[in-house]
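These notes are about the structure you will find just below.
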Amino acid sequence: MKFLSQKDMIAAGVTDMERCIDAMDEAFTLAGKGDHLMAGPPQNSHGQRIWPPKEPKFEGMPKGGPDQRFMSLPGYLGGRFKVCGNKWYGSNVNNPKNHGLPRSILTMTLNDAETARPLAIMECNVLSGMRTGAVVGLSARYLAREDSETLGVIAAGPISKHCTTAIVKALPSLKKVVVFDINDEAAKRFCDEMSAKLDIDVSMVSKFEDAVKDQDVVTSAISGDHTPLFENKWLKEGSLLTLPGRANVEDDFLRDAYIVPDCWEMQKTYKIEGLMLPEDERAIPHIQLHNMVDSGEIKESDINDLGKLAAGIASIDKNGPRKRYFISNGMILQDIAWGMTMYENAVEKGLGQDLIMWDQPYMV
Ligand SMILES: NC(=O)c1ccc[n+]([C@@H]2O[C@H](COP(=O)([O-])OP(=O)(O)OC[C@H]3O[C@@H](n4cnc5c(N)ncnc54)[C@H](O)[C@@H]3O)[C@@H](O)[C@H]2O)c1
């Protein structure tokens, strides 16, 4: 099998955002048609997570807290990919401050879907950030008004940088980006990096609502323990709120907006799995939306996955006044699509190291 370091991944083209958005389009079109598998008996679990206890009883055991976790995401993607993959990562929100490391550290394995033979192990930090941003870019391709000119960004971390790059690539009509972060230094770095990289005006604002009010597109990728509220009155008619991270929104917004998740069945499985946790440790993404669906306030048939839009099975009035809400918690099919593309590029360009597990299997 191949081992691909971060350097190899970059040489293979992992940072090419336009191609990554197209790969996500292909993957979500397959998902819309149902040609993929995820974890667990319902085949749509996001993955399996280690939930570290808040007060570990043993020295060295990981300690629970916001954005503290280990997680494995297995799956299969069909179409021209026809490959299985597993992304394995750990997240420690104190990593940048205490260890000079990224918050999350990720690797990915790809396996032949028939024989299970491992094809590659790859460094996955850049890949994962790229695919997260690219899906947000894909949401802009299908959900944002074609005359969108302004983008408001909440949080200036790596995920927001990838999302901003992708939205700017997906929406050629954009003219201005504003960013808000509770950490001014992070916001300044964001402006410097994004203005140098993208041919667009990028500036920082000092108040959260200034990055939300009257923006055509708003995205947010915060981490940590404070989740801001996006007031419905701040969100402009016809605007898109596209979220790879946590956020609070108002009931009125959910009643009025087009609701487009990455995968509603996965969101339902999150809820089933979340209810197994002790009450004080429950973290069920989008529980407010689930409650409104359960009470009949929102019809489940009105919720359409992004894949359904990509596959042409569902559509929205793209240039109409109704607000749009995209929620993404991440799916392994995204990593498989971009990971397989990188593996193929690496083979073609002769990149990476060959790892040998055996000459002959010890037993058959
Ligand atoms: N949907 C997906 O597929 C996916 C994939 C990867 C990461 N994520 C999520 O994206 C989020 C961000 O990831 P990251 O690696 O960029 O994290 P990070 O910790 O490196 O950066 C987060 C930034 O958010 C800022 N922030 C925190 N609270 C804020 C607030 N209330 N208002 C404004 N700014 C605030 C911090 O100062 C920091 O600059 C995480 O929560 C992660 O779970 C989602």
Side-chain angles (χ1 to χ4, degrees), residues 20 24 27-28 31 38 46-47 49 65-71 73 75 87-106 108 124-139 152-166 178-191 193-194 204-212 218-230 241-248 260-263 266-267 270 283 285-286 306 326-338:
C20 189
M24 293 308 109
F28 273 80
M38 290 196 284
H46 173 76
R49 171 172 174 165
D67 279 307
Q68 306 291 117
R69 60 182 173 274
F70 279 87
M71 183 123 206
L73 288 76
K87 179 166 85 173
W88 166 239
Y89 76 91
S91 165
N92 179 347
V93 81
N94 301 314
N95 263 357
K97 194 172 62 191
N98 296 350
H99 305 288
L101 289 168
R103 174 188 58 77
S104 57
I105 300 181
L106 311 94
M108 163 101 176
C124 194
N125 270 53
V126 187
L127 184 152
S128 187
M130 284 293 297
R131 67 59 143 163
T132 303
V135 168
V136 167
L138 189 66
S139 76
V153 180
I154 307 298
I159 294 298
S160 279
K161 289 176 190 166
H162 288 299
C163 293
T164 302
T165 306
V178 291
V179 62
F180 169 74
D181 196 292
I182 47 171
N183 176 345
D184 276 355
E185 277 308 306
K188 270 190 207 121
R189 273 199 307 276
F190 179 99
C191 292
E193 277 177 44
M194 292 290 106
M204 58 192 271
V205 289
S206 54
K207 286 208 312 240
F208 169 76
E209 57 261 47
D210 290 343
V212 182
V218 177
T219 188
S220 174
I222 62 157
S223 64
D225 51 8
H226 173 67
T227 308
L229 172 71
F230 291 76
L241 175 60
T242 176
L243 296 178
R246 284 189 305 272
N248 287 320
V260 181
D262 46 4
C263 176
M266 177 180 80
Q267 298 293 345
Y270 258 128
H286 312 293
L306 184 63
F326 175 65
I327 48 180
S328 160
N329 287 78
M331 294 164 77
I332 186 60
L333 63 89
Q334 303 167 217
D335 304 283
I336 296 177
W338 200 224

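Numbers here are sequence positions counted from 1. Both counts, for ligands and for their atoms, begin at 1 and track the order of listing.
Judged by distance alone, the side chain of S328 and the main-chain N or O of D262 form no donor-acceptor pair under 3.5 Å. Side chain of H46 to main chain of G330: a donor-acceptor pair is present (N/O by atom type, distance under 3.5 Å, no hydrogens or angles). Side-chain N or O atoms of D67 include none that pairs as donor or acceptor with a backbone N or O of S223 at under 3.5 Å.
Sequence neighbours left out, the pairs with a member in residues 96-105 that pass side-chain hydrogen bond (donor to acceptor under 3.5 Å, both in side chains) are S91-R103.
Contacts between R69 and ligand 1, counted as non-hydrogen atom pairs separated by less than 4.0 Å, involve the side chain only. Residue contacts with ligand 1 for V135 are absent, since no atom lies close enough (heavy atoms, distance under 4.0 Å). Counting heavy atoms closer than 4.0 Å to ligand 1, residue I182 contributes atoms from both its backbone and its side chain.
Contact atoms of ligand 1 toward D67: 41 (O), 43 (O) (distance under 4.0 Å to a heavy atom of the residue). For ligand 1, the atoms sitting less than 4.0 Å from at least one non-hydrogen atom of S328 are 1 (N), numbered in the order shown with element in parentheses. Within ligand 1, counting atoms from 1 as listed, the ones closer than 4.0 Å to a heavy atom of H226 are 31 (N).
Considering only non-hydrogen protein atoms, atom 21 (O) of ligand 1 sits nearest to G157 CA, 3.6 Å. When only non-hydrogen protein atoms are considered, atom 12 (C) of ligand 1 lies nearest to A221 O, 3.2 Å. For atom 20 (O) of ligand 1, the nearest non-hydrogen atom of the protein is P158 CD, 3.2 Å. Considering only non-hydrogen protein atoms, atom 25 (C) of ligand 1 sits nearest to D181 OD2, 3.2 Å. The protein heavy atom nearest to atom 24 (O) of ligand 1 is A155 CB, 3.3 Å. Nearest protein neighbour of atom 3 (O) of ligand 1, counting heavy atoms only, is R131 NH1, 2.8 Å. The closest protein non-hydrogen atom to atom 5 (C) of ligand 1 is T132 OG1, 3.2 Å. The protein heavy-atom contact nearest to atom 11 (C) of ligand 1 is I222 O, 3.2 Å.
Summarising the geometry, atom CG belonging to L241 is positioned 11.0 Å from atom CZ belonging to F326; distances are rounded to the nearest 0.5 Å. Remark: H286 NE2 to L243 CG distance equals 7.0 Å, nearest 0.5 Å. Of the inter-residue distances, the one linking I332 atom CD1 with M108 atom CE reads 4.5 Å to the nearest 0.5 angstrom. In this structure, the separation between CD1 on I222 and CD1 on I159 is 13.0 Å, given to the nearest 0.5 Å. For the atom pair OH (Y89) and CG (D335), the distance works out to 10.0 Å, reported to the nearest 0.5 Å. Between the CE atom in M71 and the CG atom in L106 there is a gap of 11.5 Å [rounded to 0.5 Å].
Residue-to-ligand polar distances place R103 within reach of ligand 1: an N/O pair is separated by less than 3.5 Å. Between S223 and ligand 1, at least one pair of N/O atoms sits closer than 3.5 Å. Residue contacts with ligand 1: P228 is placed with no nitrogen or oxygen under 3.5 Å of a nitrogen or oxygen of the ligand (distance criterion only). The distance criterion of under 3.5 Å between nitrogen or oxygen atoms is met by I159 with respect to ligand 1. Between P244 and ligand 1, at least one pair of N/O atoms sits closer than 3.5 Å. Residue S160 has no N or O atom closer than 3.5 Å to an N or O atom of ligand 1.
The side chain to side chain contact (heavy atoms under 4.5 Å, CB included) search around N92 returns Q68, N94, N95, not counting sequence neighbours.
Taking the side chain as every heavy atom from C-beta outward, D181 and F190 never approach each other to under 4.5 Å.
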